[in-house]
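Numbers restart at 1 for each chain; the letters A, B, ... are given by sequence-line order, proteins then strands.
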Protein chains: 2
Amino acid sequence: MALLNKHFRSPFTVDNVIFGFDDEDLKVLLIKRGEDPFENKWALPGYFVKELEDLDTAANRVLEELTGLQNVYLEQVQTFGKTNRHPSGRVITIAYYSLIKISDFTKNLKPGSIAQTTAWFSLSKIQHLPFDHSDILQACFQRLQKRVRNQPVGFELLPPKFTLSQLQSLYEAILNIELDKRNFRKKILSMDLLIELGEYQEGVAHRPAKLYEFDKNRYKEFLSKGYVFDLSESKKQMAKVNGYH
Amino acid sequence: MALLNKHFRSPFTVDNVIFGFDDEDLKVLLIKRGEDPFENKWALPGYFVKELEDLDTAANRVLEELTGLQNVYLEQVQTFGKTNRHPSGRVITIAYYSLIKISDFTKNLKPGSIAQTTAWFSLSKIQHLPFDHSDILQACFQRLQKRVRNQPVGFELLPPKFTLSQLQSLYEAILNIELDKRNFRKKILSMDLLIELGEYQEGVAHRPAKLYEFDKNRYKEFLSKGYVFDLSESKKQMAKVNGYH
DNA sequence: TCAAAAGTGTTTGGGTTACACCCATGA
DNA sequence: TCATGGGTGTAACCCAAACACTTTTGA
């Protein structure tokens with residue numbers, strides 16, 4: 001113990017980029033800060049880590065206190081520790097991102113609670129964030145873009161029953177590219193990750209789409225084996241994602 | 001400041017997995033610990049982060065004090081913060097790995113200095129390490145395996161002039177697979193990342209191999225554009241790397 | 001009947017894969 | 001002359017890519 005007391009100690013936080021998807025846009029949950037610095041600015045949710053709390057536990061706590069959700073996809077991304085990143089003194093932050101279904105979130109919202117201080121923002125419309133939160137957001141988004149190529153994590157963002165078009169636009173939103181409908185369907189269906197429910201969309205002003213469910217067991221198999229998902233149309237398309245022409 | 005004083009503070013370290021390659025094996029530089037806990041055990045090199053020191057700076061400091069090398073490939077991997085990972089109290093560690101040329105290291109060694117307390121170990125032969133260093137090592141190695149597939153970082157581990165066979169066995173060592181000689185050469189040469197020097201190996205008991213140099217400019221181009229390296233023979237071979245059969 | 005999205009097959013081309021023999025050198 | 005690793009080309013196959021029309025519903 002004496003050993004450790006010789007050394008500099010820093011307070012540290014976990015910041016959590018919470019992604020959601022609304023059939024249109026990839027969104028991020030921000031909170032309006034209730035205290036200085038940057039009071040009343042929109043920022044990434046994050047808390048200080050407690051003495052007896054593991055990092056993952058802290059990240060899950062942020063998520064649960066904010067959304068009421070448990071057992072959510074959560075991944076550590078990077079630690080940001082520039083000495084001057086916090087104006088009040090050194091604070092090291094460990095950045096996580098999580099993927100939630102917006103419908104679950106809305107369902108869980110207690111009226112009049114934190115609702116007024118949180119809001120979903122389209123990723124493409126978020127401009128400047130306080131601290132180094134823009135860097136953190138960018139790092140987490142890039143990680144998500146990579147992850148989605150080799151692990152079928154996209155399903156975490158969709159409602160339990162979804163159409164192939166929803167799935168496609170999710171991938172298009174995350175990767176910021178356009179995919180060919182026929183090729184996309186061929187590829188996804190060939191992976192045997194979807195269960196056709198025999199149900200259909202209702203109340204839409206066009207031919208109703210088949211609803212699919214995600215095959216959880218097969219998914220776990222994939223996850224545990226670290227299988228490479230390798231979304232089709234990758235060669236050329238990925239060059240676009242990476243900004244290589 | 002008052003704000004920050006309310007919160008728990010922890011000491012921080014950076015741990016650095018230093019990889020090297022010796023034409024045979026992928027190796028890791030370990031140090032024999034000079035103090036408790038785990039005195040005289042081999043462990044990953046790591047230092048406490050100072051109050052006015054950025055994390056990357058600290059990681060580079062570890063590297064330089066140990067090897068005398070600067071401007072080395074360095075990448076942050078993951079932060080390990082379990083409350084009980086250090087027997088003397090909570091210490092959070094940010095794990096990095098770096099890639100160095102063993103020849104540079106040897107050249108820089110001051111006789112009688114730290115030489116007696118550091119040594120290269122073949123990755124495959126490292127068994128139990130103190131603290132959670134085995135987890136850290138594993139995480140860094142897995143990151144290296146991924147990195148090497150989409151960025152030509154392998155060259156950081158080779159001497160300035162090298163043969164195609166050396167390059168191939170480097171990839172085989174990192175990915176732990178066998179590659180086809182003809183296909184590998186075709187692929188690598190087609191990337192236009194190598195400069196043929198017109199020089200040859202000397203003193204070998206077989207046909208001497210051409211020496212190549214790495215095209216630094218093209219490399220930087222690739223890096224900045226995030227180009228996907230995509231080592232050939234990937235589909236089937238990568239399945240092996242991922243343990244998926 | 002119109003708009004809007006769902007759904008569906010085939011062809012083509014490029015890249016991965018598999019594979020075997022001769023060459024140059026030192027011992 | 002022998003052992004050792006260096007060096008080279010081609011054919012088969014598979015999969016990504018490109019592409020257009022019919023179907024079903026609500027308005």
[X] [atom1] to [N] [atom2], straight-line distance once rounded to whole Å:
X        : N      : atom1 : atom2 : value
B:Arg182 : D:dG7  : CZ    : C1'   : 10 Å
A:Met191 : D:dA16 : CE    : P     : 11 Å
B:Phe184 : D:dG9  : CZ    : C1'   : 18 Å
A:Ile188 : C:dT8  : CD1   : C1'   : 17 Å
A:Arg185 : D:dA20 : CZ    : P     : 18 Å
B:Lys187 : C:dA18 : NZ    : P     : 15 Å
A:Tyr200 : C:dA6  : OH    : C1'   : 11 Å
A:Asn183 : D:dA20 : CG    : P     : 13 Å

Seminar exercise, completed: Here the gap from A:Leu157 atom CG to A:Leu99 atom CG, rounded to the nearest 0.5 Å, amounts to 4.5 Å
For this session: Return the orientation label for the A:Phe155 and A:Tyr219 ring planes: parallel under 30°, perpendicular over 60°, tilted otherwise.
Result: perpendicular
For this session: Return yes if some donor-acceptor pair links the side-chain N/O of A:Ser169 with the main-chain N/O of A:Glu172 below 3.5 Å, else return no.
Result: no
Exercise. Is any side-chain N or O of B:Lys210 closer than 4.0 Å to OP1 or OP2 of D:dG6?
Worked result: no
For this session: Respond yes when some side-chain nitrogen or oxygen of B:Lys186 is under 4.0 Å from OP1 or OP2 of C:dG14, and no when none is.
Result: no
Seminar exercise, completed: Given the options A:Glu199, A:Glu213, A:Glu196, A:Lys161 meets salt bridge (Lys or Arg N to Asp or Glu O under 4.0 Å) only with A:Glu199
Are side-chain N/O atoms of [X] and [Y] paired as donor and acceptor at under 3.5 Å?
X        : Y        : result
A:Lys186 : A:Asn183 : yes
A:Asn16  : A:Ser98  : yes
A:Glu202 : A:Tyr200 : no
A:Asp56  : A:Gln76  : no

Seminar exercise, completed: Sorted by number, residues from residues 158-166 of chain B placing a heavy atom under 4.0 Å from DNA chain D are B:Ser165
Exercise. Reading nucleotides 21-27 of chain C from the 5' end, what letters show protein touch, with B for base, S for backbone sugar-phosphate only, - for no heavy atom under 4.0 Å?
Worked result: --BBBS-
For this session: Determine the minimum heavy-atom distance between A:Pro160 and A:Lys101, stating which atoms define it.
Result: CD-CD, 4.5 Å
